[in-house]
Structures are given as structure tokens and as C-alpha cells.
Amino acid sequence: MLKWPTVTDLASPDPLDDGVVRVRPWRDTDLSCVEQASRDPRIPQGTTVPARYTLEAGLAYIARQHARRTSGEGVSMAIAEQHTDQAVGHVNLMLRPQDGVAGIGYWIVPAARRRGIASRAIALTTAWGLNVGGFARVEAWVEPDNHGSRRVLEINGYLLEGRLRSFLTFGTRRADVLVYSRLATDAAR
Ligand SMILES: CC(C)(COP(=O)(O)OP(=O)(O)OC[C@H]1O[C@@H](n2cnc3c(N)ncnc32)[C@H](O)[C@@H]1OP(=O)(O)O)[C@@H](O)C(=O)NCCC(=O)NCCS
């Protein structure tokens with residue numbers, strides 16, 4: 001019988017590293033990254049990054065990332081550039097209710113965008129989820145006009161499966177999402 005991962009199997013991975021980008025646990029010293037993210041128009045809408053940054057709100061955000069594993073929701077890591085180890089973004093794998101399925105979420109602070117950092121972090125995290133984490137499927141929900149996010153997924157071999165209409169809410173706004181997925185059985189990249 002197949003055994004799909006539960007959160008107790010999802011001990012935070014050791015830092016994942018491709019020589020340029022590192023995916024590692026959040027630290028309390030990563031507050032500047034949370035502060036930069038809070039000033040972005042899109043990130044606080046779709047995440048629990050505080051829209052109004054304070055020291056307490058920043059520390060609470062970091063504490064929530066660790067709590068996701070202990071509460072059984074998933075694994076949540078910081079994205080850092082390897083040469084500085086400074087956090088510039090976030091990536092998580094959250095357990096969906098379906099066996100063996102994880103949802104991937106990510107963001108990069110504006111100052112670090114368009115340098116391939118998200119693409120590398122999603123490559124590392126997807127490979128970990130499908131190979132080590134034991135998931136059968138990693139999926140992403142993306143707003144249709146989020147061309148950067150769609151490109152990051154396409155670069156990483158995620159397939160576009162379809163559009164879910166009026167699927168998510170951002171405040172009072174309802175949004176369609178595109179569903180992308182990568183399976184453990186897809187060809188290796
Ligand atoms: C989406 C996001 C994570 C991309 O991060 P990034 O580190 O800039 O992405 P990369 O540098 O790895 O770019 C990957 C590809 O996407 C393209 N791309 C990135 N941002 C883009 C944009 N705004 N519009 C069009 N293409 C874009 C890049 O040119 C690159 O493509 P190429 O290799 O064919 O040239 C970042 O813009 C972000 O954090 N946005 C706000 C939060 C968000 O939308 N998260 C995802 C929710 S589903």
C-alpha cells in the first residue's frame with residue numbers, strides 16, 4: 001500500500017543549495033526580508049506577510065513559518081543567495097487535503113527579482129518535494145496575469161492544467177487561478 005507523506009515525515013530539509021541559491025529555514029535575523037516583502041503590492045495580498053510591518057509582526061511572520069511544520073500544515077523556508085546567505089524570498093510546500101499532493105507558494109523581494117532566484121529555488125524545492133519528500137504531485141495556483149510566476153513554473157516543467165474560475169479571494173476581490181502541476185512520474189529535468 002502506498003504511504004504518502006504526512007507532516008511528521010516532512011522534517012525541514014537540510015538547506016537545499018545549487019551553488020547560487022540556498023533554500024533554508026527562516027531565522028529571526030531575516031526581518032529585513034519580511035519588511036521589504038510587506039512593501040510589495042502583491043505579496044501581502046496572497047500570503048500572511050504583514051501589510052503594515054512592525055518588529056513584532058515581522059517576528060510573528062517568521063514564527064508562523066516554523067509553526068507550519070509543527071502544526072502539520074507543511075514546510076516553509078527562506079530563499080537566500082548563496083554568497084551572502086541573506087534571505088531574499090520565501091518558498092513553501094503545503095499539504096493539500098488529497099493524499100500525496102502539495103501546493104507550492106513563493107515570493108521574492110522586488111530588489112532581488114529578474115535574476116533567476118525564484119526559478120532556482122522552485123527547482124530545488126520541487127525536486128526535494130517529489131524525490132525526498134515523497135509527494136506524487138506538486139501543484140501551484142497562479143493568477144492568470146502573473147506572468148513572472150507562470151514563467152517560473154514553466155521553466156521548471158510544470159504543466160498548465162486549466163483555469164479555476166472565481167477560486168481565490170484577495171480581500172474582497174475574487175480571482176480566477178490557473179492550475180499548474182509537476183508529478184513525480186514526469187520526466188526528470
Ligand atoms: C513571480 C516572482 C516569484 C518571480 O521571481 P523572480 O526571481 O523575479 O523570477 P526569475 O528571475 O526566476 O524569472 C523567471 C522567468 O520569469 C520571467 N519573469 C520574471 N518576472 C516577470 C514579469 N514580471 N513579467 C514577465 N516575465 C517575468 C523572467 O524573465 C524569467 O524568464 P526567462 O528565463 O525566460 O527570461 C516574483 O516576481 C514575485 O515574488 N512576485 C510577487 C509574488 C508572487 O507573485 N508570487 C507567486 C504567486 S503564485
Side-chain angles (χ1 to χ4, degrees), residues 16-24 26 30-53 58 61-62 64-65 68 73-96 101-129 135 137-171 173-182 189:
L16 309 171
D17 198 321
D18 68 358
V20 177
V21 164
R22 177 174 294 158
V23 173
R24 59 150 174 84
W26 278 95
D30 293 329
L31 282 172
S32 153
C33 177
V34 183
E35 182 171 15
Q36 291 175 61
S38 73
R39 285 193 234 112
D40 183 71
R42 197 185 273 261
I43 296 173
Q45 269 190 25
T47 68
T48 67
V49 169
R52 258 189 246 131
Y53 178 82
Y61 176 81
I62 292 172
R64 275 197 298 283
Q65 307 320 305
R68 285 178 157 170
E73 293 171 273
V75 181
S76 205
M77 306 277 274
I79 301 170
E81 292 189 86
Q82 201 262 350
H83 70 289
T84 61
D85 205 24
Q86 279 199 352
V88 293
H90 167 94
V91 60
N92 61 29
L93 281 179
M94 304 297 282
L95 270 69
R96 298 274 201 248
V101 180
I104 192 166
Y106 43 85
W107 52 257
I108 300 290
V109 295
R113 288 182 190 160
R114 306 299 284 254
R115 303 212 307 260
I117 295 175
S119 299
R120 287 176 175 275
I122 276 52
L124 289 166
T125 308
T126 303
W128 183 83
F135 288 100
R137 168 186 169 96
V138 178
E139 65 177 26
W141 297 336
V142 187
E143 282 200 78
D145 69 351
N146 194 342
H147 300 289
S149 184
R150 293 176 60 175
R151 186 79 193 115
V152 164
L153 294 167
E154 285 159 6
I155 286 170
N156 278 293
Y158 281 73
L159 288 190
L160 175 59
E161 295 179 326
R163 181 174 186 129
L164 300 174
R165 295 180 301 154
S166 194
F167 187 66
L168 292 182
T169 50
F170 298 99
R173 178 174 73 86
R174 297 203 65 84
D176 293 2
V177 297
L178 300 178
V179 182
Y180 282 84
S181 75
R182 233 192 115 170
R189 293 176 68 82

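In each ligand, atom 1 is the first atom listed, and ligand 1 is the first ligand listed. Quick note: residue numbers are just sequence positions, from 1. No experiment lies behind these values; they were computed from the predicted model shown.
Within a 4.0 Å radius of atom 14 (C) of ligand 1, the protein contributes at least one heavy atom. Using a 4.0 Å threshold on non-hydrogen atoms, atom 35 (O) of ligand 1 does not count as touching the protein.
Between Arg151 and ligand 1, at least one pair of N/O atoms sits closer than 3.5 Å. Between Arg115 and ligand 1, at least one N/O pair is under 3.5 Å apart. Considering backbone and side-chain N/O of Asp40, none are found under 3.5 Å from N/O of ligand 1.
Proximity of Ile108 to ligand 1, defined as any heavy-atom pair under 4.0 Å, is shared by backbone and side chain alike.
The nearest protein atom to atom 6 (P) of ligand 1, hydrogens excluded, is given as Ala118 CB, 3.6 Å; this is a heavy-atom distance. Scanning all protein heavy atoms for the shortest distance to atom 12 (O) of ligand 1 gives Ser119 OG, 2.6 Å.
Each of the atoms 44 (O) of ligand 1 lies under 4.0 Å from some heavy atom of Arg42.
Here Asp85 pairs with Arg22, Arg24, Arg27 under the salt bridge (Lys or Arg N to Asp or Glu O under 4.0 Å) rule; sequence neighbours left out.
Screening residues 102-127 for ring-ring contact (aromatic ring centres under 6.0 Å, His included), with sequence neighbours left out, gives His90-Trp107.
A cation-pi arrangement is present between Arg96 and Trp141, with the terminal nitrogen or guanidinium carbon under 6.0 Å from the aromatic centre and inside a 45° cone about the axis.
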